[in-house]
Amino acid sequence: MLPLSVLDLSFVNAGATPADALQDSLALARHVDGLGYHRYWLAEHHALASVASPAPEIMIGQIAAATRHLRVGSGGIMLPNHAPLMVAERFKLLEALFPGRIDLGLGRAPGTDGITARALRRREAPSEGDDFLDRLQELLLWGGGGFPPGHPFGTITVMPAGVPLPPVFLLGSSDYSGALSARIGCGFAFAQHFGSSDAAEVLRAYRRQFQPSRLGERPHAILALAAVCAETDAEAERLAMSARLATLRRERGAYGPIPSLAEAENYPYTESDRLRMERGRARLHVGSPETLRAKLAALAEAAEADEIMIVSSIHDQAARRRSYMLIAEAWGLSVRPDLGDRSG
């Protein structure tokens with residue numbers, strides 16, 4: 001079976017604090033490390049009451065230190081918010097501390113609203129239009145020491161010297177990032193949990209168009225999706241009500257904490273609400289271990305994915321950890337007994 005990985009947004013739950021959410025991320029990482037998951041990626045969002053971590057590079061260091069086997073990375077660093085040199089420095093530093101365990105996932109979006117994006121970049125010279133490609137090229141030059149002769153940046157040493165930039169992945173929810181990933185020869189992660197494009201079509205196109213480079217000799221396609229698992233289909237549907245209500249609210253611009261199950265069960269849904277949630281079912285995969293195993297395997301086969309990455313916004317943390325455990329067992333992951341009890 002394909003490797004399974006985790007995407008963690010450090011969701012804030014109703015009745016808890018953002019600090020609690022960060023501790024929940026550490027606990028979940030230790031849990032899935034023992035279950036045989038392959039990667040653990042952290043996202044960058046700003047000024048959202050629903051997401052606790054705006055700094056994945058800090059969380060990466062904490063989680064890598066708290067685990068032993070997981071690759072840990074960014075899903076992703078929102079490159080428009082950062083000077084490429086700082087990204088190169090921080091991820092070379094992480095690679096030096098945790099050699100062979102760090103990934104650098106990069107996104108084009110700001111990860112926030114327009115006003116906050118301006119605040120994040122207010123000391124930079126204004127740029128006209130989308131400068132993602134310029135920033136990406138500069139970052140790769142910092143990583144490979146390839147500035148042309150006479151370029152002023154050619155005299156700068158990126159510390160720690162002698163440490164490679166971790167493997168680069170581009171993130172996307174459309175075919176743009178897939179095509180760009182193929183052209184520069186790096187990994188690609190498609191966000192099926194909020195993308196509007198067809199995941200199978202985009203990932204297959206990335207594989208067909210891939211051009212080997214110093215970033216990668218072969219394509220690596222990650223299918224990122226949202227899932228909720230419980231012992232039965234009915235219980236999984238019940239647990240998923242919190243995520244469905246949170247999504248409904250986000251579509252209306254309300255980025256609050258993940259509602260409790262009691263709040264979701266007692267919410268006064270209108271007929272329009274129920275229709276919207278029904279239309280969103282394709283983006284949230286729900287069911288028993290057997291149901292989810294069949295769903296995920298079919299999605300991965302259709303997309304020719306090399307890996308599946310799961311995000312899960314279950315309000316109850318014990319149920320969330322158990323969801324990942326049930327999926328791991330159904331998928332046939334190898335438990336790592338050296339990491340202690342992972343009963344969830």
Contacts of F11 that satisfy ring-ring contact (aromatic ring centres under 6.0 Å, His included) - sequence neighbours left out = none
ask   = Would R108 and E44 pass as an ion pair if we require N to O under 4.0 Å?
value = no
ask   = So which heavy atom on L139 is nearest to which on A88, and how close?
value = CD1-N, 3.7 Å
For residues 173-182, please give each side-chain donor-acceptor pair under 3.5 Å, one per line with the distance, not counting sequence neighbours.
{"from": "S174", "atom 1": "OG", "to": "Y176", "atom 2": "N", "distance (Å)": "3.4"}
{"from": "S177", "atom 1": "OG", "to": "L171", "atom 2": "O", "distance (Å)": "3.1"}
{"from": "S181", "atom 1": "OG", "to": "S177", "atom 2": "O", "distance (Å)": "2.7"}

message = Please identify which of these residues, D33, L42, D103, meets the side-chain contact (heavy atoms from CB on, under 4.5 Å) condition with V72.
response = L42
query = Charged N to carboxylate O below 4.0 Å: is that the case for R39 and E307?
reply = yes
note = Taking every heavy atom of I77 against every heavy atom of P56, the minimum-distance pair comes out as CD1-CG, 3.6 Å
task = Sequence neighbours left out, what passes side-chain hydrogen bond (donor to acceptor under 3.5 Å, both in side chains) with D233? Give chain and number order.
result = S288, T291
query = Taking atom CD of E237 as the centre, does the number of heavy atoms from other residues, nucleotides or ligands within less than 6.0 Å exceed 12?
reply = yes
query = Taking only residues two or more places apart in sequence, or in another chain, which ones meet R293 in a salt bridge (Lys or Arg N to Asp or Glu O under 4.0 Å)?
reply = none
Sequence-distant partners of F147, ring-ring contact (aromatic ring centres under 6.0 Å, His included), two or more places apart = W142, H151, F153
note = Those residues at least two apart in sequence (or on a different chain) that pass salt bridge (Lys or Arg N to Asp or Glu O under 4.0 Å) with E271 are none
request  = Might you point out which heavy atoms bring I60 and G73 nearest each other, and give the distance in Å?
outcome  = CD1-C, 3.4 Å
Distance, nearest 0.5 Å, that separates CZ of R101 from CD1 of I63 = 10.5 Å
key: For F188, ring-ring contact (aromatic ring centres under 6.0 Å, His included) partners two or more places apart   = Y206
key: Pairing of E138 and R135 as salt bridge, 4.0 angstrom limit   = no
task = Determine whether L223 and V228 fall in the same hydrophobic cluster, where Ile, Leu, Val, Met, Phe, Trp and Tyr are linked whenever their side-chain heavy atoms lie under 4.5 Å apart.
result = no
task = Hey, could you give me the CG/OG distance between L106 and S74, rounded to the nearest 0.5 Å?
result = 6.0 Å
message = Assess the residue pair H220 and F210 against the criterion (side chain to side chain contact (heavy atoms under 4.5 Å, CB included)); give the C-alpha distance rounded to whole Å, side-chain angles, the decisive distance to 0.1 Å, and a yes or no.
response = CA-CA 9 Å; H220 191 90; F210 185 85; over 6 Å; no
key: Neighbour count >12 (heavy atoms, 6.0 Å) for atom CE, M1   = yes
note = When every non-hydrogen atom of M325 is compared with those of L35, the smallest separation belongs to CA-CD1, 3.6 Å
request  = Say whether L120 and Y255 are linked into one hydrophobic cluster, either directly or through other cluster members, by side-chain heavy-atom distances under 4.5 angstrom.
outcome  = no
request  = Give the minimum heavy-atom separation between I102 and P166, together with the two atoms involved.
outcome  = O-CB, 3.2 Å
ask   = Between R320 and D8, is there a side-chain N and carboxylate O pair less than 4.0 Å apart?
value = yes
Pair H285-Q192, side-chain donor/acceptor within less than 3.5 Å = yes
request  = Tell me, yes or no, whether the heavy-atom count around R218 atom CZ, taken from other residues, nucleotides or ligands under 6.0 Å, exceeds 12.
outcome  = no
message = Test of understanding: with salt bridge (Lys or Arg N to Asp or Glu O under 4.0 Å), list the residues that count as partners of R90, not counting sequence neighbours.
response = E57
message = Tell me whether L165 shares a hydrophobic cluster with L79, the cluster being built from Ile, Leu, Val, Met, Phe, Trp, Tyr side chains joined at under 4.5 Å.
response = yes
query = Looking only at heavy atoms, which two atoms of A43 and G75 are closest? And how far apart?
reply = CB-O, 3.6 Å
message = As an exercise, state the distance from CD of E231 to CZ of R322, rounded to the nearest 0.5 Å.
response = 4.0 Å
key: Candidate pair Y40 and T67, rule side chain to side chain contact (heavy atoms under 4.5 Å, CB included), full reasoning   = CA-CA 10 Å; Y40 198 100; T67 57; over 6 Å; no
task = Not counting sequence neighbours, which residues clear ring-ring contact (aromatic ring centres under 6.0 Å, His included) with F169? List them please.
result = W41
Contacts of type side chain to side chain contact (heavy atoms under 4.5 Å, CB included), residue R283, not counting sequence neighbours = S196
query = Nearest 0.5 Å, what's the CG-CG distance between L140 and L215?
reply = 5.5 Å
query = Just wondering, are more than 12 heavy atoms of other shown residues or ligands nearer than 6.0 Å to CD in Q137?
reply = no
inquiry  = When you compare the side chain of L7 with that of H193, does any pair of heavy atoms fall below 4.5 Å?
reply    = yes
key: Sequence-distant partners of E304, side-chain hydrogen bond (donor to acceptor under 3.5 Å, both in side chains), two or more places apart   = none
message = For a side chain to side chain contact (heavy atoms under 4.5 Å, CB included) check, start with the C-alpha distance between H38 and M309, then their side-chain angles and the critical distance, and finish with the verdict.
response = CA-CA 9 Å; H38 182 50; M309 183 170 282; over 6 Å; no
ask   = Under a single-linkage definition using a 4.5 Å side-chain heavy-atom cutoff for Ile, Leu, Val, Met, Phe, Trp and Tyr, are L22 and L28 assigned to the same hydrophobic cluster?
value = yes
ask   = Within a strict 4.5 Å, meaning less than it, do heavy atoms of the L2 and D306 side chains meet?
value = no
task = With side chain to side chain contact (heavy atoms under 4.5 Å, CB included) as the test, would you mind laying out the steps for L225 and I310 before giving the verdict?
result = CA-CA 5 Å; L225 51 81; I310 299 169; 4.2 Å; yes
ask   = Quick one: salt bridge (Lys or Arg N to Asp or Glu O under 4.0 Å) partners of R208, sequence neighbours excluded?
value = none
key: Shared hydrophobic cluster, L248 / L48 (ILVMFWY, side-chain heavy atoms < 4.5 Å)   = no
